Structure formats: C-alpha cells, structure tokens
2 protein chains.
Amino acid sequence: MESCCSMKGFLTFIVLRLISKKNMSGEEVREEIRKRKGTRPSPGTVYPVLKYLNKSGFIEEIKHKGKIKKYKITKKGKKELNEATKKFCMLFYDMKDDLSRRCY
Amino acid sequence: MESCCSMKGFLTFIVLRLISKKNMSGEEVREEIRKRKGTRPSPGTVYPVLKYLNKSGFIEEIKHKGKIKKYKITKKGKKELNEATKKFCMLFYDMKDDLSRRCY
DNA sequence: TTTCCAATATCGCATATCCGATATAAAAGA
DNA sequence: TCTTTTATATCGGATATGCGATATTGGAAA
C-alpha cells in the first residue's frame with residue numbers, strides 16, 4: 001500500500017458511467033479520467049475494460065469514421081449501471097456533503 | 001471480473017473515514033461495513049487495514065476496557081483523510097446527484 | 001505509394017485487495 | 001478452575017487491478 005487510500009479500483013464502474021453520459025472512444029475515456037485523476041491511464045488499462053464491457057453487452061460500438069471506435073451504453077448496460085450506482089450509494093451515502101462542499 | 005463494477009477497493013479509505021466520524025473497534029468497523037455492503041468483511045480483511053492505519057500514524061489506540069481496542073483518528077490521519085477525500089471528490093464529483101437522489 | 005502517426009489491442013507482470021483458516025488472548029460463565 | 005465465547009492477529013493464497021511494452025491497424029501527410 002503506497003499511501004493511505006490509493007483509490008485503486010472502481011475503474012470499470014467509472015468507465016461505464018462516463019460512456020453512459022456521452023458516447024466515447026477509448027482515447028476520450030483516457031482523457032476524461034486524466035482530468036479527474038491527474039494521471040492518464042495507460043492503454044493497457046483502458047482497452048481491456050472496454051473489451052470487457054463490450055463482451056458483456058453493457059456497451060456497443062457505434063458508427064465510426066476511420067479507426068476510432070466510439071461506444072454507447074446499451075439497455076443492459078444501463079440496468080447494470082443502475083445496480084452498481086445503488087451499491088455505490090449504499091457504500092458512500094455520507095460522501096454527499098463532501099461532494100457538495102468541495103467539488104465545483 | 002465477476003460482474004461489472006465489483007466495487008472492490010477503497011476499503012482503507014472507508015475505514016479511515018468511519019473512524020474519523022466515531023471512535024471504533026475492529027468489530028464495529030466490520031459491522032458498519034456490513035450495514036453498507038450487505039456482507040461482513042472477514043477479520044483477515046479488516047484487521048490488517050487497522051494495523052496499517054495505526055502503523056502509519058493515521059489512527060491510534062485509545063483507552064479500552066478488556067480486550068477491545070478502540071481507535072481514534074490522529075491529526076496526521078485527518079490530514080491524510082482530507083487529501084484522500086479531495087481525490088475522491090475529483091474522481092466522483094458527478095455522483096453528487098445520485099447520492100442526493102437515491103440515498104436516504 | 002511510402003512514411004509517419006494516432007488509436008486500438010494484447011500480453012506478461014507487479015501489486016493490491018480481500019478472504020478463509022487458524023492462532024492467540026482475554027473475559028465471562030459453568 | 002475449566003470451558004466457552006468473543007475480539008484481535010496473522011498467514012497463505014486466489015483474484016482483481018492497472019501498468020509497461022509491444023504489436024497492429026488505418027488514416028493522414030509527404
């Protein structure tokens with residue numbers, strides 16, 4: 001454990017959540033996470049997550065021009081995200097105040 | 001990956017946060033997490049986390065009667081928690097609405 | 001066409017995370 | 001005292017997580 005609260009984990013949840021808000025490519029996902037964490041996750045981190053989400057039927061490829069693949073969330077993915085969000089809220093219900101106060 | 005969004009991780013953060021709100025023993029920590037996650041984390045999960053937080057100076061033992069050890073957060077721990085909370089908020093800033101809407 | 005670049009894909013590895021099993025220790029109850 | 005129970009502690013191992021390195025692929029630019 002490098003320091004307290006390494007904040008590792010939850011990446012799959014975050015990626016599904018990002019794509020639910022806006023259709024995204026792998027690179028866009030990497031960039032959005034960089035904005036939030038400060039560090040850009042490596043390709044070896046993000047693409048396997050996308051592959052997993054795709055194979056599970058939670059996201060699907062949409063029309064793309066060129067080699068860029070954009071993904072959108074599926075109905076099944078929305079259901080899954082809904083469940084996951086519920087769990088997240090159960091776990092962190094009292095983070096509400098911190099989130100309201102500190103993040104702008 | 002068993003299912004999407006396994007919600008693994010963040011345990012150290014959660015434990016430090018719990019103790020910051022109320023002085024707690026290991027068993028109390030286990031019980032509080034059970035309330036939130038539905039499953040009671042095993043001793044082999046919780047006690048090493050407490051040991052780590054204690055050795056790092058983020059929590060300290062307080063007077064206990066019997067064999068029960070209660071911990072309280074230290075000044076150093078508060079600082080660490082503050083930093084970690086900031087990171088958490090950066091990462092999940094847009095969960096605010098979900099937390100407000102769904103958790104009661 | 002040929003070269004270069006950017007997005008995607010994959011593999012092996014290091015580490016983190018958490019659990020189950022087991023041990024220890026102290027108090028409570030017989 | 002002896003047994004039982006409960007809280008704490010520790011260890012090995014299974015799995016998840018994310019990274020670095022590298023390959024591939026298609027478009028853009030020359």
Side-chain angles (χ1 to χ4, degrees), chain A residues 1-19 23-34 36-56 59-72 84 87-88 91, chain B residues 1-19 23-34 36-56 59-72 84 87-88 91:
Chain A
M1 229 172 293
E2 41 187 65
S3 95
C4 165
C5 315
S6 69
M7 298 289 170
K8 202 173 172 180
F10 286 73
L11 188 63
T12 309
F13 175 66
I14 290 170
V15 172
L16 183 57
R17 197 174 150 73
L18 287 176
I19 293 176
N23 300 338
M24 280 190 178
S25 66
E27 289 306 301
E28 287 175 304
V29 167
R30 290 182 69 200
E31 177 55 21
E32 181 58 33
I33 292 175
R34 188 201 58 74
R36 299 184 181 217
K37 295 189 63 170
T39 58
R40 190 181 183 78
S42 88
T45 299
V46 168
Y47 289 102
V49 169
L50 290 172
K51 185 181 177 184
Y52 160 75
L53 288 172
N54 188 29
K55 283 210 167 179
S56 303
I59 61 175
E60 62 187 7
E61 261 182 81
I62 56 177
K63 287 264 184 328
H64 55 284
K65 56 171 190 168
K67 69 183 156 175
I68 296 176
K69 285 188 187 174
K70 285 228 183 192
Y71 293 96
K72 62 171 283 195
K87 281 190 200 170
F88 183 94
L91 203 48
Chain B
M1 230 173 294
E2 41 187 66
S3 94
C4 165
C5 316
S6 68
M7 299 288 170
K8 203 174 172 179
F10 286 74
L11 187 63
T12 309
F13 175 65
I14 290 170
V15 172
L16 183 57
R17 197 174 149 72
L18 287 177
I19 293 176
N23 299 339
M24 279 190 179
S25 66
E27 289 306 301
E28 287 175 304
V29 167
R30 290 181 69 200
E31 177 55 21
E32 181 57 32
I33 292 175
R34 188 200 58 74
R36 299 183 181 218
K37 295 189 62 169
T39 59
R40 191 181 183 77
S42 88
T45 299
V46 168
Y47 290 102
V49 170
L50 290 173
K51 185 181 176 183
Y52 161 74
L53 289 172
N54 188 29
K55 283 211 168 180
S56 303
I59 62 176
E60 63 187 5
E61 260 182 83
I62 56 176
K63 288 261 184 328
H64 55 283
K65 56 173 190 168
K67 68 183 158 177
I68 296 175
K69 285 189 188 172
K70 285 226 181 190
Y71 293 97
K72 61 171 286 196
K87 281 190 200 170
F88 183 95
L91 202 49

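Below, chain A is the first sequence line, B the second, and so on; all start at residue 1. On a predicted model such as this, the values are computed, not experimentally measured, just so you know.
- If you measure from atom CZ of B/F10 to atom C1' of D/dT17, you get 12 Å, rounded to the nearest angstrom.
- To the nearest angstrom, C1' of D/dT17 lies 13 Å from CD1 of A/I33.
- Distance CG (B/N54) to P (D/dT8): 13 Å, rounded to an integer number of Å.
- B/Y71 is listed as a side-chain neighbour of B/E61, based on a closest heavy-atom distance under 4.5 Å.
- Nearest heavy atoms, B/I19 versus B/M24: CG1-CB, 4.3 Å.
- Whole-Å rounding puts the B/R34 CZ to D/dA7 C1' distance at 17 Å.
- What separates CG of B/L91 from P of D/dG18 is a distance of 10 Å, to the nearest Å.
- Comparing A/R40 and A/K67 by the nucleotide of DNA chain D whose heavy atom lies nearest to each, the residue mapping closer to the 5' end is A/R40.
- A/K69 contributes no side-chain N or O that forms a donor-acceptor pair with the base of C/dA7 under 3.5 Å.
- Each of D/dT8, C/dC18, C/dA9 was ranked by its minimum atom distance to the side chain of B/T45; first place goes to C/dC18.
- Note: OH (A/Y52) to P (C/dC11) measures 19 Å, nearest angstrom.
- Rounded to whole Å, the distance from CD1 on A/I68 to C1' on C/dT8 is 10 Å.
- When heavy atoms are screened at a 4.0 angstrom cut-off, B/G44 is found touching base atoms of the nucleic acid.
- Taking every side-chain heavy atom of B/S42 into account, C/dG20 is the closest of C/dA7, C/dG20, C/dT10.
- Heavy atoms of B/L11 sit under 4.0 angstrom from primed sugar atoms or phosphate atoms, though from no base atom.
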**Study point:** From CA spacing to verdict: salt bridge (Lys or Arg N to Asp or Glu O under 4.0 Å), B/R34, B/E27
**Key:** CA-CA 10 Å; B/R34 188 200 58 74; B/E27 289 306 301; over 6 Å; no
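- Comparing D/dC19, D/dA9, C/dT8 against the side chain of B/Y47 picks out D/dA9 as the nearest.
- Phosphate proximity of C/dT10 to A/K51: present, with a side-chain N or O under 4.0 Å from OP1 or OP2.
- Considering only heavy atoms from C-beta on, B/V15 comes within 4.5 Å of B/I33 through its side chain.
- Across the protein-nucleic acid pair, A/F13 atom CZ and D/dT17 atom C1' stand 17 Å apart, rounded to whole Å.
- Exactly one of A/F88, A/F13, A/F10 qualifies for a ring pair (Phe, Tyr, Trp, His ring centres under 6.0 Å) with B/F10. That residue is A/F10.
- Candidate nucleotides C/dA7, D/dT10, C/dC19 were compared by shortest atom distance to the side chain of B/P48, and D/dT10 ranks first.
- The side chain of B/Y71 lies closest to D/dA9, out of D/dT8, C/dA7, D/dA9.
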